[in-house]
Amino acid sequence: YILFNLIIICLNKKIKLKGNMTLASEIGKLLPGRIYSFLKPQYHFFRAKSMLKKRGGSYSYDKVYGGWRVHVPMPKNGKMLILARTFKEFNRAARFGSNKKDLVWKWLNWVFPNQVVYDVGSANGLEGFTASHLNNSQVIFVEPYTPSIETILKTVSLTKIKKPKCSFEIVHAACSNKEDYKKLLMHGLPLPGETLNTYGSRLNYEEGGGRERKNVTFSQWVKGITLDALHYNYNLKIPQFIKIDVDGHEDQVINGSKKIIRSQKVKSWAIEITGEKRIKYITRIMTKHNYIIAGDFDHYPGYKPQTID
């Protein structure tokens with residue numbers, strides 16, 4: 001216990017040794033593997049909780065929902081409630097909005113009030129719930145991964161207890177270039193917070209930068225849907241704002257959105273694009289239909305393949 005707290009203090013203060021090493025990392029090398037494996041996740045959770053509290057947020061564990069109620073600081077309308085069922089979900093919520101240069105964060109604060117927002121590749125729904133919280137948006141989540149869908153459903157349930165008039169639709173499907181039915185391949189454990197998944201073939205995905213998709217641990221058959229079909233076939237409201245984050249599958253999503261793009265009803269798109277070919281392809285389609293690049297944010301400057309918003 002004393003050693004654990006020493007490591008926490010050292011890491012929290014970032015005490016430096018030679019090079020880029022810290023005292024805590026040097027202490028970690030001396031620990032038996034089992035102890036180190038136990039302490040490391042404990043430390044990371046401690047850091048996430050400390051960061052959240054430092055930002056003015058709070059958290060509590062909810063036994064009924066099986067996760068932490070995380071109250072994330074927001075620029076207006078008080079704190080936003082998000083359910084986090086694993087460390088990865090908690091960590092994302094704790095950090096969300098802390099990088100003021102993040103273009104998607106700026107975009108979410110700019111979205112017009114009372115509009116329809118599609119959150120494509122929702123993960124645990126942070127962007128969609130933020131749009132609802134800040135701008136009273138009507139949010140449509142599109143997400144194929146079942147553990148993420150459960151987290152979204154539970155956050156919707158908690159949100160509607162205090163805000164019953166909030167409008168949410170949840171589409172459990174993979175957004176792609178056509179309607180079909182394929183396997184969603186999972187490359188890790190089927191746990192909330194995991195985001196490395198592949199719909200159908202890995203050929204349409206980016207695999208650089210730690211996104212290797214060769215090893216498949218589990219799979220689940222899920223519906224494939226297009227953005228065009230959601231509105232024109234199934235009568236969901238046409239969006240005024242669309243966020244897309246699908247790890248290299250974004251060109252396929254755009255190919256399934258041609259009617260919506262031509263309609264000019266979408267005021268703004270926030271798209272994470274990976275790889276030069278995709279960046280050029282999607283930019284060409286958007287500019288052809290009179291959209292302009294309002295801004296871009298390079299996630300990893302100098303790194304290849306490039307990933308931008």
> Taking His187 for the side chain and Asn197 for the main chain, is one N or O donor matched with an acceptor at less than 3.5 Å?
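Side chain of His187 to backbone of Asn197: no pair is present.
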> Are the side chains of Gln252 and Asn255 in contact, using a 4.5 Å heavy-atom criterion?
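Yes. Closest side-chain heavy atoms under 4.5 Å.
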> So, do Leu134 and Asn109 sit near enough that their side-chain heavy atoms are less than 4.5 Å apart?
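Result yes, sub-4.5 Å side-chain heavy-atom pair found.
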> Please check: side-chain N/O of His133 versus main-chain N/O of Lys76, any donor-acceptor pairing under 3.5 Å?
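Answer holds: yes.
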> Using a 3.5 Å distance criterion without hydrogens, assess whether the side chain of Thr86 forms a donor-acceptor pair with backbone atoms of Pro192.
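Yes: the side chain of Thr86 pairs with the backbone of Pro192.
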> Nearest heavy-atom pair of Ile242 and Val120: which atoms, and what distance?
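That closest heavy-atom pairing would be CG2-CG2, 4.3 Å.
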> Are any of the side-chain heavy atoms of Ser167 and Asn136 separated by less than 4.5 Å?
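The answer is no; the side chains never approach within 4.5 Å.
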> State whether the side chain of Arg278 and the backbone N or O of Glu250 hold a donor-acceptor pair below 3.5 Å, judged by distance alone.
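Checked: no pair found.
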> Step through the shown structure and confirm whether more than 12 heavy atoms of other residues, nucleotides or ligands are within 6.0 Å of NZ on Lys288.
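At most 12 heavy atoms, drawn from other residues, nucleotides or ligands, come within 6.0 Å of this atom.
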> Under the rule for ring-ring contact (aromatic ring centres under 6.0 Å, His included), what residues qualify as partners of Tyr118, not counting sequence neighbours?
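With neighbours one apart ignored, the set is empty.
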> Within the supplied structure, the quantity of interest is the number of heavy atoms (other residues, nucleotides, ligands) at a distance under 6.0 Å from Lys163 NZ; does it exceed 12?
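Enclosed: over 12 neighbouring heavy atoms sit under 6.0 Å from NZ of Lys163.
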> Please list, one pair per line, the donor and acceptor atoms closer than 3.5 Å that link side chains of residues 258-265 to other protein atoms, with sequence neighbours excluded.
| unit_1 | atom_1 | unit_2 | atom_2 | d |
| --- | --- | --- | --- | --- |
| Ser263 | OG | Ile260 | O | 2.6 |
| Ser263 | OG | Lys265 | N | 3.2 |
| Gln264 | NE2 | Ile261 | O | 3.2 |
| Gln264 | NE2 | His289 | O | 2.7 |

> Output yes when Lys223 and Glu179 qualify as a salt bridge under the 4.0 Å nitrogen-oxygen rule, no when they do not.
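The answer is yes: the pair qualifies as a salt bridge.
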> Taking all atoms of both residues into account, what is the closest heavy-atom pair of Thr217 and Leu189, and its distance?
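Looking at all heavy atoms of both residues, the shortest contact is OG1-N, 4.5 Å.
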> Can you establish whether the number of heavy atoms outside Lys178 located under 6.0 Å from its atom NZ is more than 12?
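No, because the 6.0 Å sphere around NZ of Lys178 holds 12 heavy atoms or fewer from other groups.
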> I'd like to know if Glu150 pairs up with Arg85 as an ion pair, taking the criterion as any Lys NZ or Arg NE/NH1/NH2 lying under 4.0 Å from an Asp or Glu carboxylate oxygen.
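Result for this pair is yes, salt bridge flagged.
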> Given a cutoff of under 4.5 Å between side-chain heavy atoms of I, L, V, M, F, W and Y, with clusters grown through shared members, what are the other residues clustered with Tyr65?
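Reading the cluster by chain and number, Tyr65 sits alongside Val64, Leu81, Leu83, Leu158, Ile161.
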> Decide yes or no for Met186 and Leu191: does some side-chain heavy atom of the first lie under 4.5 Å from some side-chain heavy atom of the second?
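Met186 vs Leu191: side chains apart.
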> If the condition is ring-ring contact (aromatic ring centres under 6.0 Å, His included), which residues does Phe112 pass it with, not counting sequence neighbours?
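Trp110, Phe241.
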> Under a 3.5 Å distance rule, please check whether Ser50 uses its side chain to pair with a backbone N or O of Phe46 as donor and acceptor.
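Between the backbone of Phe46 and the side chain of Ser50 there is a qualifying donor-acceptor contact (under 3.5 Å).
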> Hey, what else clusters with Ile293 if you join Ile, Leu, Val, Met, Phe, Trp, Tyr whenever side-chain heavy atoms sit under 4.5 Å?
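Members other than Ile293 - counting any ILVMFWY side chain reachable under 4.5 Å - there are none.
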> If every non-hydrogen atom of Val142 is compared with every non-hydrogen atom of Ser122, which pair is closest and at what distance?
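Minimum heavy-atom contact is N-OG, 3.3 Å.
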> In this structure, which one of Tyr59, Tyr61, Phe87 forms a ring pair (Phe, Tyr, Trp, His ring centres under 6.0 Å) with Trp68?
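When ring pair (Phe, Tyr, Trp, His ring centres under 6.0 Å) is applied between Trp68 and each of Tyr59, Tyr61, Phe87, only Tyr61 qualifies.
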> Are Thr130 and Trp105 packed together at the side-chain level, in the sense that at least one heavy-atom pair is separated by less than 4.5 angstrom?
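Yes. Closest side-chain heavy atoms under 4.5 Å.
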> Is Val156 close to Phe129 at the side-chain level, that is, under 4.5 Å between some pair of heavy atoms?
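With C-beta onward as the side chain, the pair touches.
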> Just so I know, are the side chains of Ile254 and Ile244 near enough to count as touching, which here means a heavy-atom distance under 4.5 Å?
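In contact.
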> Please examine the side chains of Ser132 and Phe168, heavy atoms only from C-beta on, and report whether any two atoms are closer than 4.5 Å.
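SC-SC contact between Phe168 and Ser132 confirmed.
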> Treating Arg95 as the side-chain partner and Met51 as the backbone partner, does any N or O pair qualify as donor plus acceptor under 3.5 Å?
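Side chain of Arg95 to backbone of Met51: no pair is present.
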> Between Phe218 and Val216, which heavy-atom pair has the shortest distance, and what is it?
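That closest heavy-atom pairing would be O-CG1, 3.5 Å.
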> Checking side-chain contact (heavy atoms from CB on, under 4.5 Å) for the pair Thr198/Lys183: CA distance, chi angles, key distance, verdict?
CA-CA 8 Å; Thr198 301; Lys183 284 185 178 181; over 6 Å; no
> List in chain and number order the residues that pass side-chain hydrogen bond (donor to acceptor under 3.5 Å, both in side chains) with Asp228, two or more places apart in sequence or in another chain; answer none if no residue qualifies.
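Asp228: no side-chain hydrogen bond (donor to acceptor under 3.5 Å, both in side chains) contacts found.
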